Every structure is written in C-alpha cells, then in structure tokens.
Amino acid sequence: MLSKPILSTLKGRLLLGLLCALLLMAGLVLGMAWQVGKIMVQETNMAHMRYEADLIADEVTQQIDHRFQALDRLSSVLGMSDDPEWLGYELRKNDALLAWFDAIVVSDSNGTIVSDWPAVAGRVGLDTAELEYFKMLKGTRRPYVSEPFVGRASEMPMVLVSVPRLDSEGRFGGMIGGVVSLDSSGLFKRLATIRLGSEGYAAVSTATGRVLYHPNRTLINDDTFDATAIPLLDLALDGWQGDGVGTLLDGRIGLQSYAQVWPANWVVGLYLPIEQAQQPLSGFIHKLWWIWGVTALLMMPVLWWLLARILTPLSRLEAQIGDVGLGRRSYVDLATNMQELEQVASTFNRVEGERQQLVGHLQEREAFLDSVLNASPQGMFVADFGGNITYMNPALLDILGIESDMPMEAWLEQIHIDDRSGAKDMWMHSLKTGNDYMRQLRFIRSDKEMLWLDVHARVVMLSQGGNSLGLVGVVKDITERREQEALQRWEAEHDPLTGLLNRRGFERRLEEAFADFQKTSTPSALLMFDLDHFKPINDEGGHALGDEMLRRIAQVVAWEVRRSDHVARQGGDEFGVLLPSCTLGQAQRIAESLRQAVSEVSVVHEGKEYSVTLSIGVTSFDETDTNVDAALSRADSASYDAKGKGRDSVVVKLTRALDPLSLFE
C-alpha cells in the first residue's frame, strides 16, 4: 500500500530511477570488471603456460640434441666397420652412454643389426630394413627419433634415437641407435615440476598423435587415442605452435599452449580448464555484489532528503509552462536561485520562439522538398533524426524493387546479413554526430537479385537559426562496377587456362608465407615441378590437346593438396605448390601423392594415349634464406635433380648452398 503513493510522485520515481541507475552502474562496472578480469586472468595464465611450454620444449630439445651428439661421436669412433666383435668391443668401451640410453644398437647399410650393448639374445641379426625409423634415416640421412614402442623386457614405453652412419663421401652405411625409456630417461623431468592448479596438466605427443607423456598413464602409446578430439592439438600436430582456448579431451573448454620439439618431431602441450582459471575472479565479483547492494540500501534515506530539497521549484515551473500552453502568457519567468532551472526556463522560451517560426515555414518547405525528390532520376530518401526513413522517391523504390507502403523493418532485412550490422552502426553514428553517412552495401531484392548500392546521406539545415530538418540521401546502383572490379582482381592473379594462380598471385602468397616464417618460424614447404614427356603431346596432338592435359593435371593437383595450400601454373608446363604450416616430411608425402596421381592422368588423340610424369623438387623455408627467391631457386634445382635421376621422382633439397648429405660429415 505504501509503494503506490511513493511511485506516483516525481520524487519517488527519481529515487527509484537513481536506485536503478546505481544497480545498472553496479552491473556495468562489475560486468566490465568480470570481462576485463577474465581477459587478464586468461592472459596471465596463457603467458605462464606459454613460458612453461617453451621451457619444456627447450629442455626436451636439449635432451634430444645431446643424445644425437653422443651418437654422432660414437659413429665417428666406429666408422664404417661391420665387424661384430670390434663393434662390440667399442660399444663396451663407451659404456658411459648407458646413462642416456637403455641400449645401443648398430646396423649395416641393409638394416641388419650387427652389434648391440648390452647384448640381448636375438637382437643381433634382426632385420630393420622395413621399419619406419630405418627408412627415414636412409632417405633423409638426418638424425631421427622413432615412434614409441613397448620394450620386450621392461614392458615400458620407449623410443629409438638414431643417427645415420655416413662415410667421408656421404654414402649411407647403416645406423646407430640408442633405446631411450620415456619413464626413466629424464626426458620429461621438467613436466613433473609443472603447477597448473588441481586440474591442469602437461602432455607430450609425437606428430602422428601418439602420446609420450600424460598424467593419465593409460593414454601413453595408446593406439585408440584420437588427437582430433582436441582441435588445437590436431593443429599443433601439423607444425603449428602457440596458445589458445579450445575443447579439452574431457569435452570441457580450457586454456592450451603448444610448443614444438623440432629435432624429435614432438609436440609439448599444457592444458588448464577455464573454470579453474576463473575461480578466484568469480569469488571476488560475488563479494563486490554484496558490498554494492548494502551501500545502495544505506544511501536511500540520504537520496530521499536531497530530492525533496531539489524538486521544490519544479511545481512553479510546471504551472508557468501550463499557462504558456493555454496562451495565458507568452514566456516563462521563473525566479529561482537554481541555475539549472533558470537554464531550463531560458531554453523553453527560446524553443517556443523557434517553434512558432518553424510552424510558419514548415508546410512550404515540405512541399518544395517533395517536388524535388519526386522529379529526381536518382534514388533519394529522407530520414528523421530518430533514424526512421520517412520518404523514398519513385526512382529508389524501383531500384530496390519494393512498394512505398512496405514497412521499413521488412525491407531492412533484405540488406545482406554481412553488411547489415556495419551499416546500422554507421547510420547511428551519423545520427548522433551529424556527419555525412557514406556506405557501400549489398541489397537482396525480392526477386533474389543482389545489388551493390552506394549510399550517401547528409544533414539538411534550415537557413534560419541553423536548425536541422533531418537527413537526405542519394542511392546509386554500382553493381556492374563492383562486378567488373572483382573480375579484374581475379584475372590479375589467376591463369585463364587452368584457373590456378599465375606467377604474380603465387609470388604474393609466397611473400606472405615467408613473412610469417620470419616472424613466427612457422614452417612452410614449396614444391616445384614441370611435366615430363609433355612436348610430344603438343607436337603430335596440337596445342588444344596440350591445353586439355594441363587442365586435367591442374584439377588433379588441386584435388590432392590441402585446402590451405596454393597451387600455381608458373607458365607453360611449370607448376608450383606452396604448403603453409607444413613440415618437410609432410611435404614429401604430398609430393609422392601428386606424382602418383598425375601418372594416372592421360589424354587420347587419334587412338594414341598420352601421359606424363612429374619431376618434383621439394624444399622449405630456411633461416639462411633472405628472400623467397632463395627457396624458389632451391626447389627448382631439386626439380632438375629429379629429372637427372630419370624423371618421375621426388627430390628434397634442404638449403641452397649446403647439400643434405654434408650435414653429417
């Protein structure tokens, strides 16, 4: 019963409004504090996780490098001898290496184990030629860490750290490998010191998605583990490193940070559920809500008394305004010491005078404006300062394909969804500031035709007093011009025969990828190739047959590569493929798939079938590269080497001036 008379008075409503304003302010401030706090908490935790991930990756990298170096030194001692007795003697002399390895094995160039230490029955004579680590060593001539496996005796997860045995001329003579336990070798000792709250953890996996270290021991070397359940981890397995927010293995959202252990092709990941990271902030915000509520209740009596004092002169002002409305007086004359009320009275008197002048001229000016707009061949509209379009001339109605009685809310929905929000924000900004409204946007007519419109509106001012009537706008149909510009941009960077990128478009994307490599060390690979046996197709079947072959090959290559890759026809029968965020091993596999796929493409002319093969050069950006030309030259050189080997092959070249074989001399 008491709330009704209080709310029926201006004082009661102002008090309620002030309390609502305080609550709203509290909500806004605490909401902003919550949002800013979340960002700060996330950034702080991200920075810590990024730092820890880098430390772990650096330590594991150092552990792997030390083991590679130890095996390289042992390789220089053993030389190229395959004598089991002498090798066994030398391995026993280097017994100190067992501090880093659980066992050491030596194989010949055919992959047969010729010596091991400690000696295990059945290991000497074992054929490893078809195992993945021996194939990688023989193919790349670079140190390699194998996929994890379970030791036969210890039943513990292990990996094989191995280096190739190379003679003075770089010929492959076998390998030396050290078996490393993932539990007892100290590789992941840094992970035991990580503190990420009660639910955060660190993990390590191979680039193929096999888990090497995880608090849940059942996941280590588990064939059923699916890395795609964690999207950011799946991205990191392709060579990306960084941090972000995404889904965890248990389906929750969490903070994640990844770093690459490049020598071993491993990925280090740190994970922290986001609700745990935000838990301290949530408690702090709840306490602030209670403090703010108690403060607002204590302020109510003070606000009630202040409002009673302030509102006393308003009754007199109300009475005088009523008299002006009834014609009993022509202006307000309020005697008060309150400056604000005096300003209100003065403003009222000024507005009343201007209103009387405007009423006299309004009908005449409206008639004049209607005549101008109706006669204009261009699309034009008029809007008030509430943002409502009050008039559209016939030319604009014809452009938009709408009726004059169509509600504004209905045809606004026909603005393209991608342009609608930006157009609305700019419109509201122009209404507030009085600045010109200029915008290009897409409009979907009722007949589904999409138009590009150029809209320009400006404020119309009265000659007397500088008052504004509203906004008048001009609308132009620029669809044809935009389509022509888009076509010209596409043609400038694409080959008209195949639809692939041309040299100009390819070089621009190369420059962008090289800039990313220099800033973030993101690996990118480059394939260069031309077509073997292509000349007979042009000579015997004519250029039309050659063009058909080029189109088919372009389709096959574009189908085989990833969506993020860029395929270009450099000119003639020369092609290039840029593989962003791609390791050299992945690039080699993609190159092999391209070579196989293109070898199955053929064209027929006068009963004769023609086919081609690819000689592919593969390389990646290197720290010694100063520009993209170095990588292009290296890939091109590798392509020529592939031709020199008899064509239809893939050659990998690591640096321009340094051959891969010489890295281990």
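Note that this is a predicted model, so its numbers are computed, not measured.
In this view, T583 and W262, Q586 satisfy the side-chain contact (heavy atoms from CB on, under 4.5 Å) rule, not counting sequence neighbours. In this structure D636 satisfies the salt bridge (charged side-chain N to carboxylate O under 4.0 Å, His left out) test with no other residue, sequence neighbours excluded. Checked against salt bridge (charged side-chain N to carboxylate O under 4.0 Å, His left out), E511 has no partners two or more places apart in sequence or in another chain. For R73, there are no side-chain hydrogen bond (donor to acceptor under 3.5 Å, both in side chains) partners, not counting sequence neighbours. Every residue meeting the side-chain contact (heavy atoms from CB on, under 4.5 Å) condition with T218, not counting sequence neighbours, appears here in chain and number order: N216. Remark: R562 pairs with D565 by the salt bridge (charged side-chain N to carboxylate O under 4.0 Å, His left out) rule, at least two apart or across chains. Residues satisfying the side-chain hydrogen bond (donor to acceptor under 3.5 Å, both in side chains) criterion with N435, sequence neighbours excluded, are T433. Residues passing the salt bridge (charged side-chain N to carboxylate O under 4.0 Å, His left out) test with E623, sequence neighbours excluded: none.
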Begin from the C-alpha positions of L74 and I104 and carry the test side-chain contact (heavy atoms from CB on, under 4.5 Å) through to its verdict. CA-CA 10 Å; L74 179 60; I104 300 175; 4.1 Å; yes
Given side-chain contact (heavy atoms from CB on, under 4.5 Å), test R142 with L137 step by step and report yes or no. CA-CA 6 Å; R142 300 178 65 181; L137 282 170; over 6 Å; no
Before giving the answer on side-chain contact (heavy atoms from CB on, under 4.5 Å), spell out for R509 and L578 the whole-Å C-alpha distance, their side-chain angles and the decisive distance to 0.1 Å. CA-CA 8 Å; R509 285 156 180 82; L578 173 62; 4.2 Å; yes
Between I444 and I415, does the side-chain contact (heavy atoms from CB on, under 4.5 Å) criterion hold? Intermediate values first, please. CA-CA 6 Å; I444 312 299; I415 297 176; over 6 Å; no
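From D102, atom CG reaches atom CG of L182 across 9.5 Å, with rounding to the nearest 0.5 Å. The CZ atom of R508 sits 8.5 Å away from atom CG of L501, with the distance rounded to the nearest 0.5 Å. In this structure, the separation between CD on Q241 and OG on S257 is 9.0 Å, given to the nearest 0.5 Å. The NE2 atom of H494 lies 8.0 Å from the CG atom of L500; values are rounded to the nearest 0.5 Å. With values rounded to the nearest 0.5 angstrom, L527 atom CG is found 4.5 Å from L579 atom CG. Atom CD of E132 and atom OG1 of T208 lie 8.5 Å apart (nearest 0.5 Å).
Partner M49 forms a side chain to side chain contact (heavy atoms under 4.5 Å, CB included) with one of D243, L272, T44 and no other, that one being L272.
When side chains are defined from C-beta on, P231 counts as touching T247, because their heavy atoms get closer than 4.5 Å. When side chains are defined from C-beta on, L249 does not count as touching L233, because their heavy atoms never get closer than 4.5 Å. In this structure the side chain of P580 reaches within 4.5 angstrom of the side chain of S524, judged on heavy atoms.
Contact between A202 and I56 at its shortest, heavy atoms only, is CB-CD1, 4.4 Å. Across all their heavy atoms, F443 and L453 have their closest contact at CB-CD1, 3.7 Å. Residues L584 and T619 share a closest heavy-atom pair of CD1-C, 3.8 Å. When all heavy atoms of G576 and F506 are compared, the closest pair comes out as C-CZ, 3.7 Å. In plain terms, the two heavy atoms of A53 and V268 that are nearest each other are O-CG1, 4.3 Å. Between M156 and S181, the shortest heavy-atom distance links the atoms CE-OG, 3.4 Å.
Salt bridge R210/D223: present, at least one basic N to carboxylate O contact under 4.0 Å. With salt bridges taken as basic N to acidic carboxylate O contacts below 4.0 Å, none links R503 and D495. Salt bridge annotation for R595-E592: present, with a cationic side-chain nitrogen under 4.0 angstrom from a carboxylate oxygen.
In this structure, S593 contributes its side chain and I590 its backbone to a donor-acceptor pair below 3.5 Å. In terms of modelled atom types and a separation under 3.5 Å, the side chain of Q256 and the main chain of L270 share no donor-acceptor contact. A donor-acceptor pair under 3.5 Å links the side-chain atoms of T140 to the main chain of M136, judged by distance alone. Q260 places a side-chain N or O within donor-acceptor distance of the main-chain N or O of A236, the cut-off being under 3.5 Å. Panel note: side chain S75, backbone L71; no donor-acceptor pair is recorded below 3.5 Å. Side-chain N or O atoms of N627 include one that pairs as donor or acceptor with a backbone N or O of A630 at under 3.5 Å. Under the 3.5 Å distance criterion, the side-chain polar atoms of S146 are matched with a main-chain donor or acceptor of L160.
Enclosure of atom CE in M40 is not indicated, since only 12 or fewer non-hydrogen atoms of other residues, nucleotides or ligands lie within 6.0 angstrom. Other residues, nucleotides and ligands contribute more than 12 heavy atoms inside 6.0 Å of the CG atom of L28.
Y201 and H214 have their aromatic ring centers within a separation under 6.0 angstrom. Ring-centre distance between Y144 and Y133: not below the 6.0 Å cut-off.
The aromatic rings of F529 and F575 lie parallel to each other, with less than 30° between the two planes, well short of the 60° mark.
Applying the salt bridge (Lys or Arg N to Asp or Glu O under 4.0 Å) test to every pair with at least one member in residues 428-439, sequence neighbours left out, gives these pairs: D436-R458. Residues in residues 415-426 take part in these salt bridge (Lys or Arg N to Asp or Glu O under 4.0 Å) pairs, two or more places apart or across chains: E413-R420, D419-R442. Residue pairs satisfying the salt bridge (Lys or Arg N to Asp or Glu O under 4.0 Å) criterion with at least one member in residues 32-42, sequence neighbours excluded, are absent. Within the structure, every pair that satisfies the side-chain hydrogen bond (donor to acceptor under 3.5 Å, both in side chains) test and touches residues 265-277, not counting sequence neighbours, is listed here: R252-E275, Y258-Y271.
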